[in-house]
Asker: 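Below you'll find the structure I mean.
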Amino acid sequence: MRDDLVYEHGDTGALGICSLTKPLPLAKSDIDKLGKGKLLIEKEAVEELEKHHLSPYVAVICAISFVMFADYLEKRLQKQ
């Protein structure tokens, strides 16, 4: 797992990857200018989420959904 400096977009609280996002070891000058920040997610919560990583299940569900949608489209096109 990698720790990054991530900037907030305006006052919305929206976070995301942008040109200013960088790994902490490369963000020393930014951190010095910004001062002390706040932790948005506790490390324990992140570790718990990583234990329940669902991406293989999501991939299978997406594949099944794609096949079902393709079958639906094929049947619909045959009716026309």
Side-chain angles (χ1 to χ4, degrees):
M1 184 171 73
R2 178 178 113 172
D3 292 326
D4 288 348
L5 173 65
V6 179
Y7 285 83
E8 177 182 358
H9 180 71
D11 292 331
T12 64
L15 300 174
I17 303 300
C18 70
S19 61
L20 295 174
T21 298
K22 59 189 79 162
L24 283 182
L26 302 176
K28 182 167 178 9
S29 65
D30 292 35
I31 292 169
D32 291 343
K33 289 176 189 172
L34 292 168
K36 186 175 180 173
K38 61 182 178 181
L39 184 63
L40 295 178
I41 300 174
E42 295 295 328
K43 288 192 179 218
E44 293 81 17
V46 172
E47 290 168 359
E48 186 66 25
L49 287 172
E50 287 175 346
K51 278 192 231 175
H52 303 288
H53 190 61
L54 297 177
S55 64
Y57 300 108
V58 172
V60 169
I61 290 169
C62 287
I64 292 170
S65 298
F66 176 76
V67 170
M68 291 175 67
F69 182 68
D71 184 55
Y72 165 79
L73 283 179
E74 181 182 356
K75 288 178 183 176
R76 179 137 185 182
L77 289 172
Q78 286 176 354
K79 287 182 181 179
Q80 292 179 355

Asker: When you group the ILVMFWY residues by side-chain heavy-atom contacts below 4.5 Å and let the links chain together, are Leu24 and Leu20 in the same group?
Answerer: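 Yes, because Leu20 and Leu24 connect within a single hydrophobic cluster, where side-chain heavy atoms sit under 4.5 Å apart.
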Asker: Can you sort out the partners of Leu73 under side chain to side chain contact (heavy atoms under 4.5 Å, CB included), two or more places apart, ordered by chain and number?
Answerer: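 In terms of side chain to side chain contact (heavy atoms under 4.5 Å, CB included), with neighbours along the sequence ignored, Leu73 is linked to Phe69.
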Asker: Would you say Leu26 ends up clustered with Leu34 if hydrophobic residues are merged whenever their side chains have heavy atoms under 4.5 Å apart, either directly or through other cluster members?
Answerer: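 Hydrophobic grouping puts Leu34 apart from Leu26.
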Asker: Going by side-chain heavy atoms closer than 4.5 Å, which hydrophobic residues are tied to Leu77, directly or by a chain of links?
Answerer: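 Noted: Leu77 shares its cluster with no other residue.
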Asker: Asp4 and Pro23: which non-hydrogen atoms are nearest, and at how many Å?
Answerer: OD1-CA, 3.3 Å
Asker: For Lys22, does the NZ atom sit with more than 12 other heavy atoms under 6.0 Å from it, leaving out its own atoms?
Answerer: yes
